[in-house]
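Note that these values count all heavy atoms, side chains included, but never hydrogens, waters or copies made by symmetry.
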Protein chains: 2
Amino acid sequence: MNKRPTIRDVAAMAGVSVATVSRVLSGDYPVANATRTKVQRAVRELDYVVNAHARALSGSTSNVVALVMYDVVTPFFAFIASGVEYQATESDRLCLVCTTHGDPDRELEIVKLMREQHADAVILVGGVNMTDDYRERMYRYAKGLEDAGSRLVLCGRPSLGPDFPAITVEYDNAGGAFSATSHLLSSGHRRIAMLGGPIGNTTFDARLDGYRRALEAFRVTVDPALITHGDMSQDAGFRQVQRLLAEGVEFTAIFAANDFVAAGAMRALRAAGKSVPDDVSVIGYDDTPFAPELTPALTSVHLPHEELGRTAVKLALQRGEGSTRQHVMLGTHIAMRDSVRPLI
Amino acid sequence: MNKRPTIRDVAAMAGVSVATVSRVLSGDYPVANATRTKVQRAVRELDYVVNAHARALSGSTSNVVALVMYDVVTPFFAFIASGVEYQATESDRLCLVCTTHGDPDRELEIVKLMREQHADAVILVGGVNMTDDYRERMYRYAKGLEDAGSRLVLCGRPSLGPDFPAITVEYDNAGGAFSATSHLLSSGHRRIAMLGGPIGNTTFDARLDGYRRALEAFRVTVDPALITHGDMSQDAGFRQVQRLLAEGVEFTAIFAANDFVAAGAMRALRAAGKSVPDDVSVIGYDDTPFAPELTPALTSVHLPHEELGRTAVKLALQRGEGSTRQHVMLGTHIAMRDSVRPLI
DNA sequence: ACGAGTAGGGTAAACGCTTTCTAAGATCGT
DNA sequence: ACGATCTTAGAAAGCGTTTACCCTACTCGT
């Protein structure tokens with residue numbers, strides 16, 4: 001095993017100084033053609049590659065973007081990751097991926113690691129519980145990262161205010177829920193069950209809010225009995241519908257917190273001998289890839305997942321005045337399929 | 001914005017030398033308790049974090065594991081990534097994720113980047129076209145990475161031989177296909193269509209091979225008319241079944257290259273008025289999360305995705321003699337669900 | 001023909017750590 | 001009480017780049 005060559009070896013072989021080699025490699029300084037050629041040949045000959053750490057230490061950017069999310073397999077996160085990865089390589093950056101599984105300690109640990117790494121951007125993805133503790137934590141993160149020269153990006157979670165030193169890239173959670181609910185309402189449904197997510201989570205609170213606002217816009221009173229909560233799993237959807245049925249709550253449509261919950265709901269409905277969409281219409285959220293594969297194909301609120309990720313990176317990497325605290329909100333739309341039917 | 005503190009600042013504040021600070025931080029050298037406390041207080045006071053690049057430059061490990069795959073959203077890859085990420089953080093490593101989308105140039109580029117980064121391990125995931133060009137490319141990669149002190153891991157693709165300087169972690173593709181096909185055969189099916197993947201891809205060739213071997217084991221002659229090829233998409237599955245039907249090829253069961261293809265096949269069957277599993281049994285591969293959500297729930301070959309990822313990292317990080325060219329093969333099993341029915 | 005300007009390239013000082021080498025006290029056996 | 005041994009800590013030499021600074025040799029305009 002050969003020791004890997006350094007820039008000095010290249011310089012020696014090419015018969016120039018290390019400064020010249022460095023200049024040829026970064027290409028931002030005039031170098032005579034003959035010299036450039038000699039250096040390039042030496043590089044090829046030795047199969048030389050720069051040492052990224054030395055470069056990062058000397059220069060000051062690490063060319064790394066960090067992505068911090070709940071997990072890596074949930075389609076919601078996977079698609080955002082896809083967008084981030086895409087834009088990162090587009091911008092000649094590498095992409096570090098970390099998962100928290102919801103553990104704040106792990107999150108703290110990761111932010112520390114990213115400060116160590118001098119990541120150009122740290123992108124925190126997904127809804128949260130908006131507590132004072134959370135705000136304070138974020139403030140500490142923002143400070144630490146700023147000192148390390150990193151941009152903090154909140155992706156798919158609300159802004160912490162225009163004064164907060166972070167970029168925010170969200171999508172219109174409440175708006176999507178409003179559309180979805182309105183879609184059911186204008187199809188004639190009035191008894192619409194809302195299978196919510198965990199209480200306090202910004203994402204699901206916003207979806208619930210959109211639901212409420214749509215009902216109000218249609219002058220339908222919000223019946224608390226129709227609103228349930230659970231985690232975001234299929235099982236949760238299943239059980240919530242089971243309970244609703246057991247309690248004899250009447251409804252002709254369901255708006256689910258996300259597609260997993262919707263899938264569980266449809267399963268419970270089927271188990272109870274109810275047909276979707278003949279007896280009950282169902283609409284989901286996130287437009288997960290399996291939505292069109294369900295029977296019936298699930299109508300769902302489509303999110304610009306990948307664009308969310310791409311935008312996060314793009315904004316974080318863009319330099320210049322005021323670029324540290326932008327706020328963008330992306331729109332959603334309904335992907336209409338077969339799980340909703342007008343009430344006659 | 002404060003400049004971030006360095007180890008010298010900590011040393012100054014604690015009234016000790018930088019060497020002592022370094023030793024307190026790495027904790028592998030005896031330091032008096034009083035001194036340790038002083039240093040730790042200074043660290044907390046200044047909110048100091050080490051500079052990972054300086055550390056990597058000085059020491060010689062970067063504590064980074066790189067994952068190179070086709071994409072990030074396909075469940076097959078996402079679950080492997082999940083395992084890699086898990087084991088990486090377990091081993092105090094960060095996880096760099098790169099995608100190739102099948103582009104060899106991009107792959108080359110990534111390997112170069114990983115040499116620059118001194119990644120502890122570079123994990124290449126997924127099936128490939130086993131050409132001479134490929135072997136040669138891998139050999140170059142292995143050389144370059146070895147010189148950079150990185151381990152090369154081939155994950156979910158065949159070994160390049162015991163002399164090749166890489167670790168291989170595969171799962172039993174042919175074995176899984178053998179089991180799946182045997183399952184259909186022992187349910188009485190004899191006319192089993194095989195909806196294959198792209199020709200030449202190691203993964204799908206192996207699955208096809210397992211199919212063949214199972215038929216032979218049951219003394220059923222392999223009918224080429226029953227074997228089709230396509231990419232691994234749902235559309236491909238749909239079209240392949242459509243064509244089979246149009247050509248009047250008779251079959252009572254389908255073994256699909258993967259679950260996407262199986263989903264497409266079921267759709268085509270339904271479109272043609274055939275019932276699954278009453279008219280045709282279907283079995284998929286990969287046991288994707290949506291498999292149980294299909295109607296009927298899809299029987300599929302379950303892969304140890306996460307374990308594959310975890311094992312890749314574990315082997316790559318384990319030091320010692322002979323640890324650079326191990327080869328492990330993980331087993332598969334059939335997840336039985338509702339898409340297969342015995343032929344009476 | 002001459003000073004200004006520019007292209008091309010070398011020298012050496014950072015960058016922020018780890019680690020080897022060295023040395024001063026403290027502790028101990030005899 | 002005195003060398004030997006241990007513990008603890010500092011000085012300084014890298015690690016492999018980038019870049020500020022400096023210098024030389026041309027090219028021009030006049």
Side-chain angles (χ1 to χ4, degrees), chain A residues 2-40 42-43 46-64 112-113 115-119 147-149, chain B residues 2-40 42-43 46-64 112-113 115-119 147-149:
Chain A
N2 301 314
K3 202 74 217 96
R4 82 184 278 175
T6 74
I7 198 173
R8 321 172 77 90
D9 300 320
V10 176
M13 172 174 277
V16 300
S17 73
V18 295
T20 302
V21 176
S22 175
R23 285 168 184 144
V24 169
L25 261 30
S26 23
D28 49 1
Y29 192 89
V31 173
N33 264 329
T35 315
R36 181 192 316 285
T37 310
K38 277 191 302 183
V39 170
Q40 284 167 341
V43 165
L46 294 169
D47 193 20
Y48 166 82
V49 295
V50 304
N51 180 322
H53 299 297
R55 172 174 280 178
L57 183 56
S58 185
S60 58
T61 168
S62 62
N63 287 346
V64 163
K112 182 183 163 206
L113 288 170
R115 294 213 279 150
E116 297 183 357
Q117 295 288 333
H118 280 231
D147 290 355
Chain B
N2 302 312
K3 204 71 218 97
R4 83 184 276 174
T6 73
I7 198 172
R8 320 171 78 90
D9 300 320
V10 176
M13 171 174 277
V16 299
S17 72
V18 296
T20 302
V21 176
S22 174
R23 298 202 262 246
V24 169
L25 262 30
S26 23
D28 50 0
Y29 191 91
V31 173
N33 264 327
T35 316
R36 180 192 316 285
T37 310
K38 277 191 302 183
V39 170
Q40 284 167 340
V43 165
L46 294 170
D47 194 20
Y48 166 82
V49 294
V50 303
N51 180 321
H53 299 298
R55 173 173 281 178
L57 182 56
S58 186
S60 58
T61 169
S62 63
N63 287 346
V64 163
K112 182 184 164 205
L113 288 170
R115 293 213 279 150
E116 296 184 356
Q117 296 287 333
H118 279 232
D147 290 355

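- The shortest side-chain heavy-atom distance between Lys38(B) and Val16(B) falls under the 4.5 Å cut-off.
- Under the 30°/60° scheme for interplanar angles, the aromatic rings of His53(B) and His53(A) are found to be tilted.
- Map Val18(A) and Ser17(B) each onto its nearest nucleotide of DNA chain D; the residue landing nearer the 5' end is Ser17(B).
- For Ala32(B), counting side-chain heavy atoms from C-beta on, the closest listed nucleotide (dG16(C), dT17(D), dA9(D)) is dA9(D).
- Of all nucleotides listed (dG10(D), dT17(D), dC17(C)), dG10(D) comes nearest to the side chain of Thr20(B).
- When rounded to the nearest whole Å, the span between CZ of Arg55(B) and C1' of dC17(C) equals 8 Å.
- Rounded to whole Å, the distance from CZ on Arg8(A) to C1' on dT11(C) is 12 Å.
- Heavy-atom nearest nucleotides on DNA chain C were determined for Ile7(B) and for Asn33(A), and the one closer to the 5' end corresponds to Asn33(A).
- The distance between atom NZ of Lys38(B) and atom P of dT8(D), rounded to the nearest whole Å, is 14 Å.
- When rounded to the nearest whole Å, the span between NE2 of His53(B) and P of dT17(D) equals 15 Å.
- Between the CG atom of Leu57(A) and the P atom of dG14(D) there is a distance of 17 Å, given to the nearest Å.
- Look at CZ on Arg36(A): it is 13 Å from C1' on dG9(C), rounded to the nearest Å.
- Between the side chain of Arg23(B) and the base of dG10(D), at least one donor-acceptor pair of N or O atoms lies under 3.5 Å.
- Scanning all heavy atoms of the two residues, the minimum distance from Glu116(B) to Val49(A) falls at CG-CB, 3.9 Å.
- Contact annotation: side chain of Tyr29(B) to base of dA9(D), donor-acceptor pair present below 3.5 Å.
- Checked against dT17(D), dC15(D), dC17(C), the side chain of Tyr48(B) finds its nearest nucleotide in dC17(C).
- For the pair Ser22(B) and dT18(C), the criterion of a side-chain N or O lying under 4.0 Å from OP1 or OP2 is met.
- Under the 4.5 Å side-chain criterion, counting only non-hydrogen atoms from C-beta, Arg115(B) is in contact with Asp47(A).
- Between Ser58(B) and dG16(C) there is no side-chain polar atom (N or O) within less than 4.0 angstrom of OP1 or OP2.
- Rounded to whole Å, atom C1' of dT18(C) lies 13 Å from atom CG of Asn51(B).
- Among dT17(D), dA9(D), dA11(D), the nucleotide with an atom closest to any side-chain atom of Ala19(B) is dA11(D).
- No donor-acceptor contact under 3.5 Å links the side chain of Thr35(A) to the base of dG9(C).
- One finds the CG atom of Leu57(A) at 9.5 Å from the CG atom of Asn51(A) (value rounded to the nearest 0.5 Å).
- As rounded to whole Å, 10 Å separates atom C1' of dT19(D) from atom CG of Asp28(A).
- Checking dG10(D), dT18(D), dG16(C) against every side-chain atom of Val16(B), the shortest atom distance belongs to dG10(D).
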